[in-house]
K.L.:
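My questions all concern the structure below.
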Amino acid sequence: MKTYLVTGGAGFIGASFVKLLLKQYTDIRVVVLDALTYAGNLGTIVSDIEDPRCEFVKGDICDKVLADELFVKYNFNYVVNFAAESHVDRSIENPQLFLITNILGTQNLLDAARKHWVTGKDENGYPTWKEGVKFHQVSTDEVYGSLGAEGYFTETTPLDPRSPYSASKTSADLFVQAYNETFKMPVTTTRCSNNYGPYHFPEKLIPLIIKNILEGKSLPVYGDGTNVRDWLYVEDHCKAIDMVVNNGRVGQVYNVGGHNEKQNIEIVMLTISTIRDLMTETPAYREVLKKKEIINGEISIEWINENLITYVADRLGHDQRYAIDPTKIKNELGWVPETMFAEGIVKTIRWYLENQAWVEEVASGDYQKYYDKMYSK
Ligand code: NAD
Ligand code: TDX
């Protein structure tokens with residue numbers, strides 16, 4: 001039986017990974033360590049932690065004593081580190097928190113793993129490691145910086161982070177590589193493009209646009225809306241991580257992306273048209289609209305159109321374009337994205353229309369203060 005420590009497993013991607021593990025493997029134990037910050041929500045994994053194979057621990061990845069206790073108690077085979085402060089806009093408001101969680105937190109986990117996984121020394125003085133253990137770091141394409149109109153990020157593209165968020169993720173990646181070089185620690189890293197799908201916190205572009213449409217609010221597009229992101233359905237990302245944890249070569253970085261580049265303005269337009277299509281096809285979905293205009297006895301959706309779009313001040317240091325070349329993971333491990341964007345966006349929007357209770361729960365409290373502060377500028 002393999003025991004996984006999944007940090008940040010109550011967040012968007014970590015939760016999807018926990019669900020994938022429990023679905024895919026019977027003989028498994030999953031320990032979720034999550035501090036339940038504003039971005040973490042137990043409601044996302046409530047059915048998973050009821051499973052006897054899964055345990056939830058509320059705690060901080062920076063907590064040395066806790067990390068030690070967990071390694072002693074559970075004897076992990078794998079650490080998969082999702083826990084992070086993940087929002088670029090928040091990193092512009094409060095960079096220090098990103099250094100603490102993303103860099104110090106990762107280094108604390110690396111040290112706990114080193115303490116518990118090292119078995120001795122080889123003839124050159126390097127640590128020797130327990131059989132089959134691995135530390136996997138979940139990273140991002142943002143470490144490579146920003147592209148012009150052409151080209152793709154490969155694993156050998158020089159690191160060039162430009163936001164406090166990406167600088168902190170890059171530093172964490174470098175620590176992971178340094179532990180591999182210095183201590184021969186068995187590590188792998190994945191660098192993925194923008195994810196979308198269910199349980200995505202509504203401060204990120206796609207869920208924010210969906211939420212605002214349902215509330216009849218304007219749709220804030222930063223700058224001129226031409227910035228390009230490379231979108232990948234969250235389950236495809238998790239499948240890639242699972243493949244790399246199991247079969248990725250130690251010490252290697254794998255880029256993960258689905259060749260699905262879109263300008264932000266296209267994403268916003270597509271979200272508008274998909275919501276309209278779904279509400280035309282299934283009029284019952286109109287019930288979730290907070291803005292209910294009744295025309296001829298029917299809830300109208302005529303007002304859901306591009307007039308809702310508002311161009312707002314650009315993000316400081318806004319990266320223009322991200323695009324991933326996933327050749328390495330495809331050739332070495334056979335990973336390919338399975339959910340095309342046209343299908344994934346419909347699945348995602350349907351999920352939001354059917355899970356408004358989740359949105360309302362995560363968006364209560366601090367979220368409203370954050371939204372008012374960010375979008376009143
Ligand atoms: P998220 O913000 O939705 O979730 C982060 C989770 O980490 C939350 O559950 C939060 O409570 C937890 N957390 C935060 N600080 C913690 C701490 N100190 N100790 C323990 N838990 C803590 O983020 P996400 O979008 O799911 O991203 C997960 C990982 O994937 C991150 O490392 C991120 O950098 C990376 N990533 C994200 C994307 C994307 O598009 N969202 C793309 C590529 C890589
Ligand atoms: O209101 C908005 N309006 C807007 O135009 C928001 C929230 C975003 N945007 C733009 C900024 C970006 O160009 O949309 C694009 C996507 O923005 P985010 O959803 O904030 O994602 P991004 O900054 O690209 O970062 C995401 O992908 C890489 C994740 O949040 C990171 O954790 C991941 O590493």
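Remember, it's 1-based here, ligands and their atoms both numbered in the order they're listed. All residue numbers refer to positions in the sequence shown, counting from 1.
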K.L.:
Going by heavy atoms, is G9 under 4.0 Å from ligand 1?
P.N.:
no
K.L.:
Taking both backbone and side-chain atoms of S139, is any N or O found less than 3.5 Å from an N or O belonging to ligand 1?
P.N.:
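The answer is no, given that S139 and ligand 1 share no N or O pair closer than 3.5 Å.
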K.L.:
Applying salt bridge (Lys or Arg N to Asp or Glu O under 4.0 Å), run through R286 and E298 and close with a yes or a no.
P.N.:
CA-CA 9 Å; R286 299 180 191 199; E298 234 190 23; 3.4 Å; yes
K.L.:
Identify, for atom 21 (N) of ligand 1, the protein heavy atom at the shortest distance, and state residue, atom and that distance.
P.N.:
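Ranked first by proximity to atom 21 (N) of ligand 1 is A35 N, 3.0 Å.
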K.L.:
Regarding ligand 2, does S193 bring an N or O atom to under 3.5 Å of one of the ligand's N or O atoms?
P.N.:
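N/O-N/O distance below 3.5 Å does not exist for this pair.
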K.L.:
Quick one: look up the protein heavy atom nearest atom 10 (C) of ligand 2 and list residue, atom name and how far away it is.
P.N.:
N264 ND2, 3.4 Å
K.L.:
Which one holds for K204 and ligand 2: side chain close, backbone close, both close, or neither close, with close meaning a heavy atom under 4.0 Å?
P.N.:
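The part of K204 near ligand 2 is both the backbone and the side chain.
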K.L.:
For ligand 2 and N227, I'd like to know whether there is a polar contact (N/O to N/O, distance under 3.5 Å).
P.N.:
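For ligand 2, there is no N or O atom that lies under 3.5 Å from one belonging to N227.
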K.L.:
Over all heavy atoms of both residues, which pair between Q177 and G251 is shortest? Give the atoms and the distance, please.
P.N.:
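In terms of heavy atoms, the two residues are closest at NE2-O, 3.4 Å.
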K.L.:
Got a sec: does the NZ of K347 have more than 12 other heavy atoms crowding it under 6.0 Å?
P.N.:
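More than 12 heavy atoms, drawn from other residues, nucleotides or ligands, come within 6.0 Å of this atom.
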K.L.:
Report yes or no: does a heavy atom of E203 sit under 4.0 Å from some atom of ligand 2?
P.N.:
yes
K.L.:
Below 4.0 angstrom from a heavy atom of S86, which ligand 1 atoms are there? Numbered from 1 as shown, please.
P.N.:
1 (P), 2 (O), 23 (O)
K.L.:
Does the residue A15 have a heavy-atom contact with ligand 1, meaning some pair of atoms that are separated by less than 4.0 Å?
P.N.:
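Heavy atoms of A15 never come under 4.0 Å of ligand 1.
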K.L.:
For atom 20 (O) of ligand 2, what is the closest protein heavy atom, and at what distance to 0.1 Å?
P.N.:
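Residue, atom and distance for the closest contact: R315 NH2, 3.0 Å.
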K.L.:
Should you measure from each heavy atom of F82, which atoms of ligand 1 turn up under 4.0 Å away?
P.N.:
28 (C), 29 (C), 31 (C), 32 (O)
K.L.:
Given R114 and D111, is the salt bridge (Lys or Arg N to Asp or Glu O under 4.0 Å) satisfied, shown in steps?
P.N.:
CA-CA 5 Å; R114 185 160 70 101; D111 259 0; 3.3 Å; yes
K.L.:
Under a 4.0 angstrom heavy-atom cut-off, which atoms of ligand 2 come close to S86?
P.N.:
29 (C), 30 (O), 31 (C), 32 (O)
K.L.:
Would you kindly say whether D173 and S139 are connected by a side-chain donor-acceptor distance under 3.5 Å?
P.N.:
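There is such a pair between these side chains.
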K.L.:
Return yes or no for this condition: an N or O of V221 is under 3.5 Å from an N or O of ligand 2.
P.N.:
no
K.L.:
Counting heavy atoms not belonging to K204, are there more than 12 under 6.0 Å from its NZ?
P.N.:
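Yes - once you tally the heavy atoms of other residues, nucleotides and ligands closer than 6.0 Å, there are more than 12.
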K.L.:
Hey, can you tell me if H259 and Y152 have their rings parallel, tilted or perpendicular (30° and 60° cut-offs)?
P.N.:
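The arrangement is perpendicular - the two ring planes meet at more than 60°.
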K.L.:
Check step by step if salt bridge (Lys or Arg N to Asp or Glu O under 4.0 Å) holds for E69 and K73.
P.N.:
CA-CA 6 Å; E69 280 172 11; K73 184 168 176 193; over 6 Å; no
K.L.:
Between Y196 and Y233, is the ring centroid distance below 6.0 Å?
P.N.:
yes
K.L.:
When you check the side-chain N and O atoms of E354 and Y285, is any donor under 3.5 Å from an acceptor?
P.N.:
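Per modelled atom types, E354 and Y285 side chains form a pair under 3.5 Å.
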K.L.:
Which heavy atom of the protein is the closest neighbour of atom 5 (C) of ligand 1, given with residue, atom name and distance?
P.N.:
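Atom 5 (C) of ligand 1 sits closest to the protein heavy atom A84 O, 3.5 Å.
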K.L.:
Does CG belonging to N124 count more than 12 external heavy atoms closer than 6.0 Å?
P.N.:
yes
K.L.:
Out of all atoms in ligand 1, which are within 4.0 Å of some heavy atom of N194? Include the element for each.
P.N.:
40 (O)
K.L.:
Can you label the angle between the F12 ring and the H200 ring as parallel, tilted or perpendicular, going by 30° and 60°?
P.N.:
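Because their plane-to-plane angle is under 30°, the rings of F12 and H200 count as parallel.
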K.L.:
Have T106 and N81 got a donor and an acceptor in their side chains that come within less than 3.5 Å?
P.N.:
yes
K.L.:
Non-hydrogen atoms of Y38 versus ligand 1: any pair closer than 4.0 Å?
P.N.:
no
K.L.:
Just distances here: any N/O of Y322 and N/O of ligand 2 closer than 3.5 Å?
P.N.:
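No: no nitrogen or oxygen of Y322 is under 3.5 Å from one in ligand 2.
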K.L.:
Considering only protein heavy atoms, which is closest to atom 8 (C) of ligand 2, and at what distance to one decimal place?
P.N.:
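That would be Y222 CE1, 3.5 Å.
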K.L.:
Hey, looking at atom 4 (O) of ligand 1, which of C192, G59, G11, G105 has the closest heavy atom?
P.N.:
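Comparing heavy atoms across C192, G59, G11, G105, the nearest one to atom 4 (O) of ligand 1 lies in G11.
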K.L.:
Checking N75 against K130: is there a side-chain donor and acceptor pair closer than 3.5 Å?
P.N.:
yes
K.L.:
Let me see the working for W117 and F76 under ring pair (Phe, Tyr, Trp, His ring centres under 6.0 Å), right down to the final yes or no.
P.N.:
CA-CA 9 Å; W117 284 349; F76 299 119; 8.1 Å; no
K.L.:
Just to confirm my output: which protein heavy-atom neighbour is closest to atom 21 (O) of ligand 2, and how far is it?
P.N.:
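In this structure, atom 21 (O) of ligand 2 has N194 ND2, 3.5 Å as its nearest protein heavy atom.
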K.L.:
Considering only protein heavy atoms, which is closest to atom 25 (O) of ligand 2, and at what distance to one decimal place?
P.N.:
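Among all protein heavy atoms, the one nearest atom 25 (O) of ligand 2 is E142 OE2, 2.8 Å.
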K.L.:
What part of V88, side chain from CB on, backbone N/CA/C/O, both or neither, has a heavy atom under 4.0 Å from ligand 2?
P.N.:
side chain
K.L.:
Pick, from V138, D141, L36, the option with the minimum heavy-atom distance to atom 35 (C) of ligand 1.
P.N.:
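Heavy atom nearest to atom 35 (C) of ligand 1 belongs to V138.
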K.L.:
In the protein, what heavy atom is nearest to atom 13 (N) of ligand 1, and what distance, to one decimal place, separates them?
P.N.:
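Going by distance alone, atom 13 (N) of ligand 1 is nearest to T37 CG2, 4.0 Å.
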K.L.:
Looking just at side-chain N and O atoms, do T128 and D122 make a donor-acceptor pair shorter than 3.5 Å?
P.N.:
no
K.L.:
Can you tell me which residue and heavy atom of the protein come closest to atom 9 (O) of ligand 1, and the distance to 0.1 Å?
P.N.:
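Result for atom 9 (O) of ligand 1: D34 OD2, 2.6 Å.
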K.L.:
Which residue and non-hydrogen atom of the protein lie closest to atom 33 (C) of ligand 2, and at what distance in Å?
P.N.:
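Checking every protein heavy atom, the shortest distance to atom 33 (C) of ligand 2 gives Y165 OH, 3.5 Å.
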K.L.:
Who's the nearest protein heavy-atom neighbour of atom 19 (N) of ligand 1, and how far?
P.N.:
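The closest heavy atom on the protein side is I61 N, 2.9 Å.
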K.L.:
Please list the nearest protein heavy atom to atom 37 (C) of ligand 1 with its residue and the distance rounded to 0.1 Å.
P.N.:
I13 CD1, 3.4 Å
K.L.:
Pick one of side chain, backbone, both or neither for how R229 approaches ligand 2, counting any non-hydrogen atom pair under 4.0 Å.
P.N.:
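Contact part for R229 vs ligand 2: side chain (C-beta onward).
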K.L.:
List every atom of ligand 1 that sits less than 4.0 Å from any heavy atom of S193, numbering the atoms from 1 in the order shown and giving each element.
P.N.:
42 (C), 43 (C)
K.L.:
Using a plain distance cutoff, I'd like to know if N41 has any nitrogen or oxygen under 3.5 Å from a nitrogen or oxygen of ligand 1.
P.N.:
no
K.L.:
Got the closest protein heavy atom to atom 19 (O) of ligand 2, with its distance?
P.N.:
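Ranked first by proximity to atom 19 (O) of ligand 2 is L205 N, 2.8 Å.
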K.L.:
State the NZ-OG distance between K169 and S91, to the nearest 0.5 angstrom.
P.N.:
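Here the interatomic distance stands at 12.0 Å.
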K.L.:
Looking just at side-chain N and O atoms, do Y165 and R90 make a donor-acceptor pair shorter than 3.5 Å?
P.N.:
no
K.L.:
Decide if the gap between the ring center of W129 and the ring center of F183 is smaller than 6.0 angstrom.
P.N.:
no
K.L.:
Going by the atom numbers of ligand 2, which of them fall below 4.0 Å from some non-hydrogen atom of T140?
P.N.:
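Close to T140: 28 (C), 33 (C), 34 (O).
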K.L.:
Nearest protein heavy atom to atom 34 (O) of ligand 1, by residue and atom, and its distance?
P.N.:
Y165 OH, 2.6 Å
K.L.:
Give the numbers and elements of all ligand 2 atoms closer than 4.0 Å to a heavy atom of H87.
P.N.:
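Near H87, meaning under 4.0 Å from one of its heavy atoms, ligand 2 has 20 (O).
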K.L.:
State if A10 counts as touching ligand 1 under the rule of any non-hydrogen atom under 4.0 Å.
P.N.:
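Right, A10 reaches ligand 1.
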K.L.:
Among all the protein's non-hydrogen atoms, which is closest to atom 3 (O) of ligand 1, and how far away is it?
P.N.:
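Nearest neighbour among protein heavy atoms for atom 3 (O) of ligand 1, to 0.1 Å: F12 N, 3.1 Å.
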K.L.:
May I ask you to list the atoms of ligand 1 that are less than 4.0 angstrom from any heavy atom of K169?
P.N.:
31 (C), 32 (O), 33 (C), 34 (O)
K.L.:
Please list the nearest protein heavy atom to atom 12 (C) of ligand 2 with its residue and the distance rounded to 0.1 Å.
P.N.:
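That would be H318 NE2, 3.4 Å.
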